[in-house]
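Working notes, structure below.
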Amino acid sequence: MDANMDLSSLPKEKWLGDDYLVQLEGFWLLPQFVKPIKRVINHYNPLPSDVMLVTFPKTGTTWLKSLLYSILNRSSKHKLVAEHPHELVPFLEIQVFAEVDEPPVLAAPSNGPRLFATHIPYQLMAKTLDSSQCKVVYLTRNPKDTLVSLWHFVNKWNKENPNQSWSLDDATDKFCRGVSLYGPYYDHVIGYKELSLKRPENVMFVTFEEMLEDPHNYVKKLGDFLGCPFEEGDEVDEIVKNCSIEVLSSHDVNKSEESPAWFSLPYNSFFRKGKIGDYKNYLSDECVKRIDILTKDKFHSLGFMYGI
Ligand code: PAP
């Protein structure tokens, strides 16, 4: 992929206020992330021992970062008390490959695997992932809660400028048309769902809802998948509790109104309710209907019974 591609040659859509998104190979991105994403695509060579958490935004990334970090670094899981999950598990395109003109030299780990996160769709990462034995955990969430979470998050972004507050109708319309950060949501999910069916030993596909309903079981499954199973009596319950939204959001670092160097929203903006079905408190019947029709068309017609 040409790293110096002229952004003005890409299709463009209005996003919020004066911001716009550009479309790269079918996916909508903030223009400032195009270059870092290309760096990742061109220069990130995963080690076979690398672990990658992949998500569509607002599907539970922060939660899974804390769980995966704890599962892989059992002796230092106390670090979650003082460090934000996004600092412990960096995003490839937003942190690791963000600033540099040259790709960073990623040191091989002295102990344990490297753990990274990304929102990059499989369709853009296919070459990288198909030629690697690294482990991928893909987390998704039902589209209506994902949309509502994104809408809250973006409006927090716009808090300084109330004229730019984003209506839920416009958010729904953009989401359904795929014009969303890293969207279309459906193509993102399907890309990794199909990959997980093709390469189950390398790609584990989980949903926010099944994890929240039985976190103990899923932490054990993740340990097995990552090659570090838990022994009887091991600290699974402790990990589940320490990564719950109640405990995580109570730490000063996660309550902080300060923003990280790599992002314009405060650390506390990644924690809100963390519940299933919050969309019922916000979306009109009409919006629900529109999304459900799309979900049936995109997911259920493929036999993937999820999202309604
Ligand atoms: P990101 O993609 O910008 O990193 P991400 O972490 O995926 O965001 O999504 C944030 C959502 O996860 C929020 O959902 P809500 O708006 O519906 O509440 C947030 O509350 C939720 N979340 C964060 N931490 C946890 C957790 N420990 N357990 C459950 N949900 C969580």
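These numbers come from the heavy atoms of this one structure, side chains and all, not from hydrogens, waters or symmetry mates.
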Can you tell me how far CG of Leu302 sits from NZ of Lys296, rounded to the nearest 0.5 angstrom? 15.0 Å

Within 6.0 Å of NZ in Lys241, more than 12 heavy atoms from elsewhere: no

With the threshold set at 4.0 Å, does a side-chain nitrogen-carboxylate oxygen contact exist between Arg177 and Glu13? yes

Report the C-alpha separation of Phe175 and Trp151 in whole Å, then their side-chain angles, then the decisive distance to 0.1 Å, and conclude whether the ring-ring contact (aromatic ring centres under 6.0 Å, His included) test is met. CA-CA 10 Å; Phe175 184 87; Trp151 173 73; over 10 Å; no

Heavy-atom closest pair (Ile291 atom, Cys176 atom, distance to 0.1 Å) is CG1-SG, 3.8 Å

Do Lys298 and Val189 make a side-chain contact, defined as non-hydrogen atoms from C-beta onward lying under 4.5 Å apart? no

Which residue is it: Phe271, Phe91, Tyr69, Phe263? I am looking for the one with a ring pair (Phe, Tyr, Trp, His ring centres under 6.0 Å) to His86. Phe91

If you compare all heavy atoms of Ser249 against all heavy atoms of Asn254, which two are closest, and at what distance to 0.1 Å? CA-CB, 4.3 Å

Does some side-chain heavy atom of Glu93 sit less than 4.5 Å from a side-chain heavy atom of Thr118? yes

CG/Asp187 to CH2/Trp28 distance, rounded to the nearest 0.5 angstrom? 12.5 Å

Over 60° means perpendicular and under 30° means parallel, so classify the ring planes of Tyr306 and Phe299, tilted if in between. tilted

Is a side-chain donor or acceptor of Thr59 paired with a backbone partner of Thr55 at a separation under 3.5 angstrom? no

By ring pair (Phe, Tyr, Trp, His ring centres under 6.0 Å), Tyr218 pairs with (sequence neighbours left out) none

Donor-acceptor side-chain pairing of Tyr122 and Asp130 below 3.5 angstrom: yes

Exercise: identify the closest heavy-atom pair between Ser196 and Phe205: OG-CB, 3.6 Å

Between Phe230 and Val219, is the side chain to side chain contact (heavy atoms under 4.5 Å, CB included) condition met? List the steps. CA-CA 9 Å; Phe230 288 90; Val219 166; 3.7 Å; yes

Is it the case that Lys58 places NZ or CZ above or below the six-membered ring of Phe153, under 6.0 angstrom from the centre and within 45 degrees of the axis? yes

Ignoring hydrogens and geometry, is there a side-chain-to-backbone donor-acceptor pair from Ser284 to Cys287 under 3.5 Å? yes

State, yes or no, whether a side-chain contact exists between Leu10 and Leu7 at a heavy-atom distance under 4.5 Å. yes

Quick check with a 6.0 Å cut-off and a 45 degree axis cone: is Lys12 positioned over the face of Tyr20's six-membered ring? yes

Charged N to carboxylate O under 4.0 angstrom, Asp278 versus Arg272? yes

CG/Leu88 to CG/Leu72 distance, rounded to the nearest 0.5 angstrom? 12.0 Å

Euclidean distance, Ile120 CD1 relative to Thr128 OG1, rounded to 0.5 Å: 8.0 Å

Report yes if some heavy atom in the side chain of Leu29 is under 4.5 Å from a heavy atom in the side chain of Leu181; otherwise report no. no

Aromatic contact between Tyr182 and Phe56, with the criterion being ring centroids under 6.0 Å apart: yes or no? no

Kindly work out whether a path of hydrophobic side-chain contacts (I/L/V/M/F/W/Y, heavy atoms less than 4.5 Å apart) joins Tyr185 to Val179. yes

Exercise: identify the closest heavy-atom pair between Lys135 and Leu226: CB-CD2, 4.0 Å

Is a side-chain donor-acceptor pair under 3.5 Å present for Asp6 with Ser8? yes

Within-4.5 Å side-chain heavy-atom neighbours: Trp166 and Trp15: yes

Side-chain donor/acceptor of Asn202 to backbone N/O of Gln133, under 3.5 Å: yes

Might you point out which heavy atoms bring Met52 and Cys134 nearest each other, and give the distance in Å? SD-SG, 4.3 Å

In terms of heavy-atom contacts, Glu209 and Thr140 come closest through OE1-O, 4.4 Å

Under a 4.0 Å N-O cut-off, is there an ion pair linking Asp170 with Lys174? yes

Under 3.5 Å, is there a donor-acceptor pair linking the side chains of Tyr192 and Gln123? no

Apply side chain to side chain contact (heavy atoms under 4.5 Å, CB included) to Lys35 and Phe97, showing your working. CA-CA 9 Å; Lys35 223 174 172 183; Phe97 285 80; over 6 Å; no

Kindly indicate whether the side chain of Thr207, heavy atoms from C-beta on, has any atom under 4.5 Å from the side chain of Met211. no

Distance-only side-chain donor-acceptor flag, Tyr138 / His188, under 3.5 Å: yes

Could you tell me whether a side-chain N or O of Ser269 sits under 3.5 Å from a main-chain N or O of Pro266, the two making a donor and an acceptor? yes

Charged N to carboxylate O under 4.0 angstrom, Lys275 versus Asp145? no

Does some side-chain heavy atom of Lys220 sit less than 4.5 Å from a side-chain heavy atom of Val236? yes

Does one hydrophobic cluster hold both Leu16 and Leu30, with members joined at side-chain heavy-atom distances below 4.5 Å? yes

Keeping the roles fixed (side chain from Ser70, backbone from Ser66), state whether a donor-acceptor pair exists under 3.5 Å. yes

Classify the side-chain pair Tyr267/Glu257 by whether it contains a donor and acceptor separated by less than 3.5 Å. no

Can you establish whether the number of heavy atoms outside Glu201 located under 6.0 Å from its atom CD is more than 12? yes

Between Pro36 and Ile94, is any pair of side-chain heavy atoms under 4.5 Å apart? no

Check the pair Glu87 / His84 against side chain to side chain contact (heavy atoms under 4.5 Å, CB included), numbers first and verdict last. CA-CA 5 Å; Glu87 301 293 355; His84 195 283; 4.1 Å; yes

Please determine whether residues Leu197 and Phe304 belong to a single hydrophobic cluster, defined as Ile, Leu, Val, Met, Phe, Trp and Tyr linked transitively by side-chain heavy-atom distances below 4.5 Å. no

Side chain to side chain donor-acceptor pair (under 3.5 Å) between Tyr44 and Asp50, intermediate numbers included: CA-CA 11 Å; Tyr44 170 53; Asp50 280 1; 2.8 Å; yes

Test item: Asp173 side-chain N/O and Asp169 main-chain N/O as donor-acceptor pair under 3.5 Å: no

Out of curiosity, Leu139 CG to Leu64 CG, how far, rounded to the nearest 0.5 Å? 4.5 Å

State plainly whether the residues Asp292 and Lys144 are in salt-bridge range, i.e. N to O under 4.0 Å. yes

Among side-chain atoms of Thr295 and His300, is any donor-acceptor pair under 3.5 angstrom? no

Lys/Arg-Asp/Glu bridge criterion (N-O < 4.0 Å) met for Lys77, Glu235: yes

Do Val247 and Leu80 share a hydrophobic cluster, counting only Ile, Leu, Val, Met, Phe, Trp and Tyr and linking them when any side-chain heavy atoms are less than 4.5 Å apart? no

In Å and rounded to the nearest 0.5 Å, what is the CG to CG distance from Asp252 to Asn268? 11.5 Å

Kindly check if the number of other-residue, nucleotide or ligand heavy atoms within 6.0 Å of CG (Asn281) is above 12? yes

Could you check His119 against Val54 for side chain to side chain contact (heavy atoms under 4.5 Å, CB included), going step by step and ending with a plain yes or no? CA-CA 6 Å; His119 290 316; Val54 190; over 6 Å; no

